[in-house]
Every structure is written in structure tokens, then in C-alpha cells.
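Working notes for the structure below.
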Amino acid sequence: MKVTVVGAGAVGASCAEYIAMKNFASEVVLVDIKEGYAEGKAMDLMQCASLNGFDTKITGSTSDYSKTAGSDIAVITSGIPRKPGMTREELIGINAGIVKSVSESLLKESPNVIIIVVSNPMDTMTYLVHKTTGLPMNRIIGMGGALDSARFRYRLSEAMDCPASDVKGMVIAAHSDKGMLPLTRLAVRNGVPASKFISEDRLNQVAEDTKVGGATLTGLLGTSAWYAPGAAVSTIVQAIACDQKKMIPCSTMLSGQYGESDICMGVPVILGRNGIEKIVEIDLNEAEKAKFAESAEAVRKVNATL
Ligand code: NAI
């Protein structure tokens, strides 16, 4: 299993590290436009192999895509991250050009590759990769819901004073501060509804804290986060590589599901060796349906600026 990660910055390197630590891939190729940067990150990571006990071979390349030839999975993290006070949507101008050229270069060397899009604004970048490459929907996956759901589970565990592993919860719709939809109604602690443990007001607060999860970290760090984003990407890569049939909310091209078409939005999907193997349609209530539609409308406005 060969995995390429384009962008050896904060998220790309963290994702490569988690992939190596989980020890399921034979090879990870890091690519970055900055001279020597990917090579340096790869060497540093490889010097962890004997310490951390992994066998994955990590190499780096400065924009030489021939090194990525025959990749099964490619992750696009290249582009600029947001600074405090910025929205993800404000990154579109620079990131659209980068994501378009990177996806073309990847496909030339790896015609069968499955692409995972991370660069923001992620739902629009995922849509752009569809329009650029024309690949079938199962092979283009946007990473947002996996991270937002992990942040939701963290906030739920804090509120219920229990380990995050006891908690299940999903965030769907757009990967944006205003557009994401944490499904508080379906959140559970070991199968018991979260509403049995905390008040409705507290649950609503958990949802609001989840929505600004990225912005909160950007305020604290001065740039966007990388540990949880890297871990979320590695979970998706592993689900595909190991054909796990795991259900994870991801941004995908909708064609009628959830009442939307010709748009990439976060919904639960089953991930296996073929990428997105099924879109799972859950029954939303009227309020959730209205929020999903509103979120889609905002994504459409950003897509129109491409
Ligand atoms: P970073 O600045 O640390 O790394 C980005 C890397 O991309 C840099 O090393 C840069 O040299 C490289 N790069 C730029 N243009 C390139 C090109 N044409 N080819 C190859 N490499 C190129 O940024 P960070 O923090 O890693 O974030 C990366 C992207 O991921 C940002 O757009 C950020 O907003 C997004 N992000 C998305 C998340 C999600 O949930 N979807 C979560 C966190 C970040």
C-alpha cells in the first residue's frame, strides 16, 4: 500500500506520522514545493522508526511527482492554513490553484489513485477536484466530518465527564464554522442518549463549542491545528487501505441524497478498499433538514466563486 501526502507542513507531516505509527502502509511519499522540506520531514520521521517500531518507509520529494507513481491513496494538504480571525472560505483564492494543479499531477502518475482532500475550504476543494479530474465519486473524499466528529466527542466527553471512547457522535454538513451540523439528538454514551446525562442547554453549548473547534485552536495556536487533523486523515487512509468498511462522515459528491445534487457535503459514508462504497442516508428531523439545506446553500455560494 503506497500513500502519497502532498504538503509536508503541519497537517501533512502529522498525518504521515500517524500512518507510519499505525504500521499498515508499506510506503509514504511526502511531497512539498518548498525545496528540501519534504525530504527533511521524511528523514526526521524515518529516524523515529527504530524508536517507535514501525516498518513503513517514508520518503520525501520536492515536487517530483514521478516518486509518487503507483500510489493507491493520495492526501492533499498543500495550501495555506487560516490565521486567527480568518474563515476557511477566505483561503479559496490561493488554495484552488494549488489543489487543481496538485490533483492533475497526482493523477498523471497514479491513474487509479483514491484522493483525500484536506485543504480548505475543504468542501469546495473536494468539488474542485471532481471538476478537475472527472474521477468517479467513490475515489474523491473530503476530510472534515472525521475531525469535527472527534471534536464533538471530545466536547461531549468533557460535558458528561467520561472518556471520549465512551461517546459516539457525528457531525455532518459543511466543514465550516457556521455550516457544520453536530447531531446532538443522536449522540450517545455507550448507547444511552447524551440527553440522559446533560441538559438540552448544555448539549446546545457542546454543539456551539464543536462548531468553533477549529477557530478556538487557531486563536490559541496562531495557526490551524494539526494533531487531530492528521489523526483524522490517517483513520480514513487506514479504513480504505485495510478495507475496514468503517462509517465515517466525509465530504462526498451528492446526487439526490439529503435532497442535494452537484455539491460536496459531509455525510456518513462507508469506507473500504474502493474508497466511498456507500452513502448512508439517515433520517433527519425537520430542523436538521433545514440546517443541512442552509449549509448547502452557503457551500454553493463558495463553489460559485471557483
Ligand atoms: P502548512 O502551511 O503547515 O503546510 C502546507 C504545506 O503545503 C507547506 O509546507 C507548503 O510549502 C505546501 N505547499 C504549498 N503549495 C504547494 C504545492 N503547490 N505543492 C506542494 N506543496 C505545497 O499548513 P497546514 O496547517 O498543514 O494546513 C494545510 C491545509 O489543510 C490548509 O489549507 C488548512 O486550512 C487545511 N486544514 C484542513 C483541515 C480539515 O479538516 N479539512 C484541518 C486542518 C487544516
Side-chain angles (χ1 to χ4, degrees), residues 4-18 29-42 60-65 67-68 74-84 86-106 115-129 132 140-152 171 173-177 179-180 210-211 213-218 221-236 248-252 264-266 299 302:
T4 287
V5 179
V6 185
V11 177
S14 158
C15 152
E17 184 182 7
Y18 283 115
V29 182
L30 277 169
V31 180
D32 203 284
I33 200 167
K34 245 188 270 173
E35 190 69 41
Y37 198 60
E39 290 87 337
K41 288 276 180 109
S61 155
T62 305
S63 296
D64 174 4
Y65 281 84
K67 304 261 172 59
T68 71
V75 181
I76 303 180
T77 75
S78 46
I80 51 166
R82 59 181 171 159
K83 296 278 172 229
M86 282 175 91
T87 65
R88 294 175 178 94
E89 290 75 10
E90 286 173 71
L91 306 172
I92 192 168
I94 294 176
N95 286 359
I98 295 174
V99 168
K100 186 170 187 295
S101 74
V102 164
S103 51
E104 284 166 346
S105 305
L106 282 170
I115 298 179
I116 301 172
V117 184
V118 181
S119 310
N120 274 317
M122 182 278 295
D123 297 291
T124 296
M125 293 301 108
T126 307
Y127 184 77
L128 175 65
V129 173
T132 304
I140 302 174
I141 302 163
M143 194 291 287
L147 171 64
D148 300 331
S149 300
R151 288 177 171 159
F152 185 36
V171 177
H175 177 60
S176 68
D177 295 358
M180 71 179 77
T210 302
K211 286 162 83 169
T216 303
L217 283 165
T218 303
L221 298 168
T223 186
S224 74
W226 55 90
Y227 293 120
V233 177
S234 75
T235 302
I236 292 176
I248 300 178
C250 292
S251 190
T252 184
C264 293
M265 293 276 286
V299 171
V302 185

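This structure is a prediction, so every number in the text was calculated from the model and none was measured. Positions are given from 1 along the sequence. Each ligand, and each atom within it, is numbered from 1 in the order the structure gives.
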One residue to check: [X]. Relative to ligand 1, which of side chain, backbone, both or neither has a non-hydrogen atom less than 4.0 Å away?
{"X": "L147", "value": "side chain"}
{"X": "S78", "value": "both"}
{"X": "I33", "value": "both"}
{"X": "D148", "value": "neither"}
{"X": "W226", "value": "neither"}
{"X": "T223", "value": "neither"}

Looking at ligand 1, does any of its N/O atoms fall within less than 3.5 Å of an N/O of [X]?
{"X": "V6", "value": "no"}
{"X": "S101", "value": "no"}
{"X": "Y65", "value": "no"}
{"X": "V102", "value": "no"}

Quiz item: Any chance the side chains of E90 and T87 put a donor and an acceptor closer than 3.5 Å?
Solution: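 There is such a pair between these side chains.
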Check whether any side-chain heavy atom of [X] lies under 4.5 Å from a side-chain heavy atom of [Y], and answer yes or no.
{"X": "Y65", "Y": "V102", "result": "yes"}
{"X": "R151", "Y": "L217", "result": "yes"}
{"X": "R82", "Y": "N120", "result": "no"}
{"X": "I76", "Y": "L106", "result": "yes"}

Measure the distance from [atom] to every protein heavy atom, then report the residue, atom name and distance (to 0.1 Å) of the closest one.
{"atom": "atom 36 (N) of ligand 1", "answer": "N120 ND2, 3.4 Å"}
{"atom": "atom 26 (O) of ligand 1", "answer": "V11 N, 2.8 Å"}
{"atom": "atom 2 (O) of ligand 1", "answer": "P81 CD, 3.5 Å"}
{"atom": "atom 6 (C) of ligand 1", "answer": "D32 OD2, 3.6 Å"}
{"atom": "atom 28 (C) of ligand 1", "answer": "T77 O, 3.0 Å"}

Quiz prompt | CE-CD1 distance between M125 and I92, expressed to the nearest 0.5 angstrom | solution =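 Here the rounded value is 4.5 Å.
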Quiz item: Hey, what do you get for CD (E39) to OG (S61), rounding to the nearest 0.5 Å?
Solution: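 So the CD of E39 and the OG of S61 are separated by 6.0 Å.
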Which of the numbered atoms in ligand 1 are below 4.0 angstrom from a heavy atom of [X]?
{"X": "I98", "result": "15 (N), 16 (C), 17 (C), 18 (N)"}
{"X": "P229", "result": "42 (C), 43 (C)"}
{"X": "L91", "result": "34 (O)"}
{"X": "Y37", "result": "9 (O)"}
{"X": "N95", "result": "32 (O)"}
{"X": "H175", "result": "39 (C), 40 (O), 41 (N)"}
{"X": "I80", "result": "31 (C), 32 (O), 34 (O)"}

Quiz item: Under a heavy-atom criterion of less than 4.0 Å, does S224 contact ligand 1?
Solution: yes
Quiz item: Under 3.5 Å, is there a donor-acceptor pair between the side chain of D148 and the main chain of K211?
Solution: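 No, the answer is negative, given that no donor and acceptor are paired below the 3.5 Å cut-off.
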